[in-house]
Novice: 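Below: one structure in structure tokens.
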Amino acid sequence: MSGAYDGNPDAQSDTQRRIRRSPLLFTTPLVLLGLLTALLVWEAVRGNVPTAAQSEWPWRLRPVDGQVLGSLLAVSLGAVLARAQYARTVRPYLGWRAAWTQGLLTTQEPAWRVGILNGGQHMAVIESWDVRVVMQGAEDFADVRWSSVPDTVAELAEAGFVIGEDFRLIGFGAGFPLMGAVGGHETVLVGAFSEAFAQRVRSLYVRVRVTDVVGDTHERTMDCLKGVWTDRAPAAG
């Protein structure tokens, strides 16, 4: 049994990041704010043009009254700032935890249990759930194709692993809710892996993408075998 972890050393592989913002709730207010700002600049330039010239084209163009424009600009700026603050409040915090646990595999031997948790205050909905396996001795390229859980299970079965004895891998479909952690930190099972599995597999990455309540998409990539040998499996019983 190896005593060292030889996974991906890239720290970015285990950090949460926002990969997309809601076009309706983020882009639209910014576009409106930019448009109103441009109109305000136009009014400022137009106000410095001689009065006689203001009746000529294009200076006679005045889409919005100056006072109304100022009010709209203030409201728009307030909406953008309020949206940014609210997005931080409802942002999910995806975390994972792993430990040697008994009773998860049919062999009753200790298994490396991996679970995921949404530590934020609000619910997040899973958008996609992808898996990538790197066997011992294989190169770990970041651009390798990701697979679904059923395809990964079939790939591992072809490699000689027995489902239920060597590993369990849980699939989460699009739309599955990850509830916010309210008064507890219980994780949702992602997978369980035997010592024999950990000896032959270098890394098993799970990439989860979730959408929060304001429509922003967040992503985190977990290496489920990270730290697997830092704590030896306890003896049975």
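What you see is a predicted model, and the numbers here were worked out from it, not measured in a lab.
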Novice: If you look at every heavy atom in Val210 and Pro92, which pair is closest and at what distance?
Specialist: CG2-CG, 4.0 Å
Novice: Could you tell me the separation between the OG1 atom of Thr217 and the CZ atom of Arg18, rounded to the nearest 0.5 Å?
Specialist: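 Interatomic distance, Thr217 OG1 to Arg18 CZ, rounded to 0.5 Å: 10.0 Å.
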Novice: Can you hop from Tyr86 to Val75 via hydrophobic side chains spaced under 4.5 Å?
Specialist: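 Not linked; separate clusters.
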Novice: State, without any angle test, whether Asp212 and His122 hold a side-chain donor-acceptor pair at a distance under 3.5 Å.
Specialist: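 His122 and Asp212 do not have a side-chain donor-acceptor pair below 3.5 Å.
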Novice: Tell me the closest heavy-atom pair linking Glu186 and Arg97, and the distance in Å.
Specialist: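 Heavy-atom minimum between the residues: CA-NH2, 4.4 Å.
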Novice: Are Arg207 and Trp146 in a cation-pi contact, defined as NZ or CZ under 6.0 Å from the six-membered ring centre and within 45° of the axis?
Specialist: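 Satisfied, under 6.0 Å and within 45°.
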Novice: Are Ile163 and Trp112 linked, directly or through intermediate hydrophobic residues, by side-chain heavy-atom contacts shorter than 4.5 Å (ILVMFWY only)?
Specialist: yes
Novice: Closest heavy-atom contact between Gln136 and Val201?
Specialist: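 For Gln136 versus Val201, the nearest heavy atoms are NE2-O, 3.7 Å.
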Novice: Between atom CG of Leu33 and atom OG of Ser76, what is the distance when rounded to the nearest 0.5 Å?
Specialist: 4.5 Å
Novice: Heavy atoms, side chains only, cut-off 4.5 Å: are Phe197 and Leu225 in contact?
Specialist: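 Counting from C-beta outward, Phe197 and Leu225 do come under 4.5 Å.
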Novice: When rounded to the nearest 0.5 angstrom, what is the spacing between OH in Tyr93 and CD in Gln121?
Specialist: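 Taking OH in Tyr93 and CD in Gln121, the distance rounds to 9.0 Å.
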Novice: Rounded to the nearest 0.5 Å, what separation is found between the CZ atom of Arg91 and the NE2 atom of His218?
Specialist: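 So the CZ of Arg91 and the NE2 of His218 are separated by 6.5 Å.
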Novice: Minimum heavy-atom separation for Arg83 to Ser22, with atom names?
Specialist: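 Shortest heavy-atom separation between Arg83 and Ser22 comes out as NH2-CB, 4.0 Å.
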Novice: With ring pair (Phe, Tyr, Trp, His ring centres under 6.0 Å) as the criterion, how do Phe167 and Phe193 come out once you've worked through the C-alpha distance, each side chain's angles and the decisive distance to 0.1 Å?
Specialist: CA-CA 4 Å; Phe167 74 97; Phe193 313 96; 7.2 Å; no
Novice: If you compare all heavy atoms of Val133 against all heavy atoms of Glu155, which two are closest, and at what distance to 0.1 Å?
Specialist: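 What the structure gives for the nearest pair is CB-OE2, 4.3 Å.
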Novice: If the threshold is 4.0 Å, N to carboxylate O, is there a salt bridge linking Arg20 and Glu127?
Specialist: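 Salt bridge present between Arg20 and Glu127.
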Novice: With hydrophobic residues grouped by side-chain heavy-atom distances under 4.5 Å, do Val153 and Val162 end up in a single group?
Specialist: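 Val153 and Val162: separate clusters.
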Novice: Indicate, with yes or no, if Met123 and Val208 share a hydrophobic cluster defined by side-chain heavy-atom contacts under 4.5 Å among Ile, Leu, Val, Met, Phe, Trp and Tyr.
Specialist: no
Novice: Got a second to check how far Leu40's CG is from Leu36's CG, nearest 0.5 Å?
Specialist: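 Those atoms lie 9.0 Å apart.
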Novice: Can you give me the closest heavy-atom contact between Ala98 and Val114, atom names plus distance?
Specialist: CB-CG2, 3.9 Å
Novice: Is the shortest heavy-atom distance from the side chain of Ser194 to the side chain of Leu105 under 4.5 Å?
Specialist: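 In short, these two side chains touch, coming nearer than 4.5 Å.
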Novice: Would you say that Leu117 contacts His185 through its side chain, given a criterion of any heavy-atom pair below 4.5 Å between the two side chains?
Specialist: yes
Novice: Would you give the length of the straight line joining atom CG of Asp166 to atom CG of Leu169, rounded to the nearest 0.5 angstrom?
Specialist: 13.0 Å
Novice: Is there a chain of hydrophobic side chains (I, L, V, M, F, W, Y, each step under 4.5 Å between heavy atoms) that links Ile170 to Val188?
Specialist: yes
Novice: Taking the six-membered ring for Trp, are Trp129 and Phe172 parallel (under 30°), tilted (30 to 60°) or perpendicular (over 60°)?
Specialist: tilted
Novice: Can a donor-acceptor pair be found between the side chains of Arg132 and Thr221 at a distance below 3.5 Å?
Specialist: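 No - no donor-acceptor pair under 3.5 Å links their side chains.
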